[in-house]
Amino acid sequence: MSAPHATHSRFDGLPDSPFPRLNALIEGVQPGMDPIIMSLGEPQHPFPDFITRTIVENAQSFGKYPPIIGTPEFRASVAGWLGRRYDIADAIGPGKPLDPDTQILPVNGTREALFNAALVATPSMKAATRPAILMPNPFYQCYAAAALAAGADPVYVAAIAANGFMPDFAGLPDMLLARTAMIYVCSPANPQGSVASLAYLKELLTLARLHGILLAVDECYADIYDRDKPAGALQAALELDGTLDNLIVFHSLSKRSSLPGLRSGFCAGDKSFMARFRNFRNIAAPQVPMPLMAASAAAWNEDTHAADNRTLYRRKIDMAERTLGNRFSFYRPAGGFFLWLDVGDGERAAYDLWAKGGVKVLPGAYLSRDNSGLAGDTDESNNPGTAYIRVALVESEAKTQTALTRMAEIL
Ligand SMILES: Cc1ncc(COP(=O)(O)O)c(C=O)c1O
């Protein structure tokens with residue numbers, strides 16, 4: 001008799017990551033021209049010189065275990081950036097709504113923190129039943145893994161053109177909201193580049209408070225925007241009642257400073273949640289190494305490189321607008337660096353672009369789900385990503401222009 005596999009079914013509902021799925025789609029297909037990779041949202045712009053210098057200057061502290069709460073310098077730099085970015089400096093400090101020493105935590109890239117927060121936010125039962133975690137559809141795939149790991153039902157709420165690509169959580173049945181432990185929302189959104197208005201964030205936070213839900217706002221693209229600075233959930237909370245109750249926000253240097261390999265971000269929010277999260281993280285989560293924390297502090301302290309980065313993305317969006325015009329329902333994303341193009345059949349388009357033009361893009365369906373995730377809903381026609389491709393504008397301007405020209409010719 002063979003031994004039982006040391007595995008269980010909790011993650012059966014999790015499809016493969018979008019990138020192996022894309023590789024399977026084009027397996028064995030030679031690229032029609034020299035390859036240009038626009039599938040992966042990995043920033044390729046140069047990061048600032050002071051990063052390497054600061055890591056070298058602080059290399060001695062690789063010999064120490066880093067504190068989970070980071071250094072006072074790190075927390076002060078994050079507090080300074082939040083104050084400048086959202087014009088909320090008055091609300092930050094000891095005894096104020098956002099006390100950096102107790103309500104800001106460094107994270108080893110926001111992905112782990114987005115995941116781990118669900119474990120701490122989710123009770124075993126809510127409203128006397130299995131809890132739910134709500135998320136947009138399409139979405140950053142980590143949210144669904146987090147919900148499953150936390151023992152919650154992931155519920156996928158359509159973020160489509162008709163609702164400005166921001167999910168209508170308030171329209172969900174009260175019975176579902178009552179058992180919801182956490183809501184993920186992403187603004188600027190990956191993949192659609194839509195931005196939540198201050199009014200939307202205020203309404204959502206009010207809803208979360210009404211139902212005892214933790215609102216988790218993924219703002220890792222906050223510093224990459226087209227015309228207007230996207231509003232932040234901290235601003236919404238402060239305007240509502242001056243507290244950060246029921247709110248946690250996530251920010252990253254991966255996009256702002258083109259440092260995806262640094263694995264550095266932070267989260268901030270609700271005083272009592274942050275205390276519980278800190279205790280959990282102190283036992284179970286990865287710390288940010290001290291030299292990387294010093295480099296991160298330097299990055300949050302400096303805004304010029306982020307502005308230059310933003311300008312470079314903007315130029316590539318201009319390029320896309322010129323090259324694609326009003327085809328594929330093109331619109332300028334208000335934030336982030338993705339194009340979300342309606343090509344009719346995203347898988348077909350991704351295949352053709354690779355086979356004929358060597359351009360690798362992601363079929364939208366790999367970022368979204370066929371149904372709501374609720375028991376009994378098997379309606380595959382609900383998949384809001386099927387018609388789309390996601391195009392990451394992370395390459396150089398020259399390569400981006402070449403890829404866009406090929407796209408316009410092939411599709
Ligand atoms: C929407 C969204 N959230 C979170 C992340 C995680 O970023 P990081 O872990 O590099 O901070 C990403 C990365 O691609 C993302 O697109």
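Both ligands and their constituent atoms are indexed starting at 1 by order of listing. This is a predicted model, so every value here is computed, not measured.
Put simply, the side chain of N309 gets close to the backbone of R256: a donor and an acceptor are under 3.5 Å apart. The backbone N or O of N246 sits nowhere less than 3.5 Å from a side-chain atom of R209 that would complete a donor-acceptor pair. Checked by atom type and distance alone, the side chain of K126 never pairs as donor or acceptor with a backbone atom of P131 at under 3.5 Å.
Residue C220 places a heavy atom less than 4.0 Å from ligand 1. Proximity of L114 to ligand 1 is established by a heavy-atom distance of less than 4.0 Å. Distances shorter than 4.0 angstrom occur between a heavy atom of R263 and an atom of ligand 1.
In terms of polar-atom proximity, defined here as any N/O pair under 3.5 Å, Y143 makes no such contact with ligand 1. In terms of N/O distances under 3.5 Å, ligand 1 is approached by Y221.
Looking at K316 and E397, no side-chain N of the basic residue comes within less than 4.0 Å of a carboxylate O on the acidic one, giving no salt bridge. Salt-bridge annotation for R85 and D223: present, with a side-chain N of the basic residue lying under 4.0 Å from a carboxylate O of the acidic one.
The atoms of ligand 1 that sit less than 4.0 Å from any heavy atom of C186 are 1 (C). Close contacts of ligand 1 with R111, meaning ligand atoms under 4.0 Å from a residue heavy atom, involve 6 (C), 9 (O). Atom numbering of ligand 1 starts at 1 in the shown order; those under 4.0 Å from a heavy atom of G109 are 9 (O), 11 (O).
For R53 and F50, the positive end is not near the middle of the six-membered ring at less than 6.0 Å and at most 45° from its axis.
What sits closest to atom 7 (O) of ligand 1 on the protein, heavy atoms only, is T110 OG1, 3.2 Å. The protein heavy atom nearest to atom 10 (O) of ligand 1 is S254 OG, 2.6 Å. For atom 14 (O) of ligand 1, the nearest non-hydrogen atom of the protein is K255 NZ, 2.7 Å.
Partner of S257 under the side chain to side chain donor-acceptor pair (under 3.5 Å) criterion, chosen from H305, E302, H45: H305. For the side chain to side chain donor-acceptor pair (under 3.5 Å) test with D370, the passing option among N383, T378, T386, N137 is N383; the others fail.
Proximity annotation for atom 6 (C) of ligand 1: of Y140, F338, F266, F250, Y140 comes nearest, heavy atoms only.
Only side-chain heavy atoms of D218 come within less than 4.0 Å of ligand 1; its backbone N, CA, C and O stay farther off.
G151 and R130 make their closest contact through O-NH1, 3.3 Å (heavy atoms, listed as atom of the first residue, atom of the second, distance).
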